[in-house]
Amino acid sequence: MERNEFIKSLGLGVAMVCTGACFSACGKKSDSPEPDKPNGGGIPSGTSAKVDLSTQLLTIGASMVVNSILFIRTAAGNTASSFVATQAACPHQGGALSFIQASNYIQCGLHSSRYTTSGSILAQPSDGGTTSALKIYPITIAGNILTATA
Ligand code: FES
């Protein structure tokens, strides 16, 4: 092989490697979340929130948001099964969720999607979009302190 031919073949090889690397990089999907679903309305894993049951959530149907977790008292007594802890932001586009005691469901203030207290979807968003089920967080109770951890 002549010197000129060798250099030309080397240049062609380098060009093929660079092109392949470019196509590979261009083909990757973005790691960023969908702009309209920041974290699916959820919160970072490991996030926890506490409620003092001696002064808060005293009556059935009472609800409150602490540290982006929506707490709902669903029954009498201070056992874990008397409460629900779920995300306070809607999975659709992050609207604020609240418990509607009279209807016994969770509703989004932005597009009116509705969920059961176990997180299932009762109604899709009014804007024609789709939502997903709510995350339900485990609860522990120690003394009067209720803790939910995402
Ligand atoms: S943000 Fe909740 S239904 Fe759209």
Side-chain angles (χ1 to χ4, degrees), residues 11-150:
L12 183 60
V14 169
M16 292 298 283
V17 168
C18 289
T19 302
C22 179
F23 284 139
S24 174
C26 294
K28 288 184 180 174
K29 290 183 177 179
S30 170
D31 291 332
S32 59
E34 294 178 52
D36 62 339
K37 290 186 179 179
N39 198 20
I43 56 178
S45 180
T47 299
S48 66
K50 296 181 185 304
V51 173
D52 183 348
L53 297 175
S54 67
T55 58
Q56 299 168 306
L57 299 180
L58 298 177
T59 59
I60 297 172
S63 63
M64 63 186 300
V65 174
V66 180
N67 207 15
S68 299
I69 295 178
L70 172 62
F71 290 92
I72 305 164
R73 177 185 278 277
T74 57
N78 284 357
T79 62
S81 62
S82 300
F83 301 91
V84 169
T86 185
Q87 57 193 92
C90 182
H92 177 226
Q93 291 182 353
L97 296 174
S98 55
F99 180 62
I100 310 299
Q101 182 179 1
S103 303
N104 195 39
Y105 57 61
I106 298 166
Q107 185 168 28
C108 176
L110 194 54
H111 304 116
S112 304
S113 63
R114 295 193 306 270
Y115 309 86
T116 67
T117 53
S118 59
S120 301
I121 300 167
L122 288 172
Q124 291 288 346
S126 59
D127 71 346
T130 56
T131 190
S132 54
L134 299 180
K135 296 177 175 92
I136 302 296
Y137 304 128
I139 288 173
T140 58
I141 296 179
N144 284 326
I145 303 301
L146 179 157
T147 303
T149 304

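Note that ligands are numbered from 1 as they come in the structure, with each ligand's atoms numbered from 1 the same way.
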| request: Please lay out, stage by stage, how Asn104 and Phe99 fare under the test side-chain contact (heavy atoms from CB on, under 4.5 Å). | output: CA-CA 7 Å; Asn104 195 39; Phe99 180 62; 3.4 Å; yes

Give the numbers and elements of all ligand 1 atoms closer than 4.0 Å to a heavy atom of [X].
{"X": "Ser113", "answer": "2 (Fe), 3 (S)"}
{"X": "Leu110", "answer": "1 (S)"}
{"X": "Cys108", "answer": "1 (S), 2 (Fe), 3 (S)"}
{"X": "Gly95", "answer": "1 (S)"}
{"X": "Pro125", "answer": "3 (S)"}
{"X": "Cys90", "answer": "1 (S), 2 (Fe), 3 (S)"}

| said: Against Cys108, only a single residue in Ser126, Pro125, Ser113 fulfils side chain to side chain contact (heavy atoms under 4.5 Å, CB included); can you say which? | reply: Ser113

| message | Would you say atom 2 (Fe) of ligand 1 has His111 as a near neighbour, meaning an N/O/S atom of that residue under 2.8 Å away? | response | no

| message | Considering non-hydrogen atoms of the protein only, which is the closest contact for atom 1 (S) of ligand 1, and what is the distance? | response | Gln93 N, 3.3 Å

| When rounded to the nearest 0.5 angstrom, what is the spacing between CG in Leu58 and CZ in Arg73? | 7.0 Å

| field | Separation of Leu110 CG from Gln93 CD (nearest 0.5 Å) | value | 6.5 Å

| What atom name does the N, O or S atom of His92 nearest to atom 4 (Fe) of ligand 1 carry? | ND1

| task | Given side chain to side chain donor-acceptor pair (under 3.5 Å), test Thr131 with Tyr115 step by step and report yes or no. | result | CA-CA 10 Å; Thr131 190; Tyr115 309 86; 2.7 Å; yes

| request: Determine yes or no for a side-chain-to-main-chain donor-acceptor pair under 3.5 angstrom, with Asn67 supplying the side chain and Ile69 the backbone. | output: no

| Do Ser82 side-chain atoms and Ala76 backbone N/O form a donor-acceptor pair below 3.5 Å? | yes

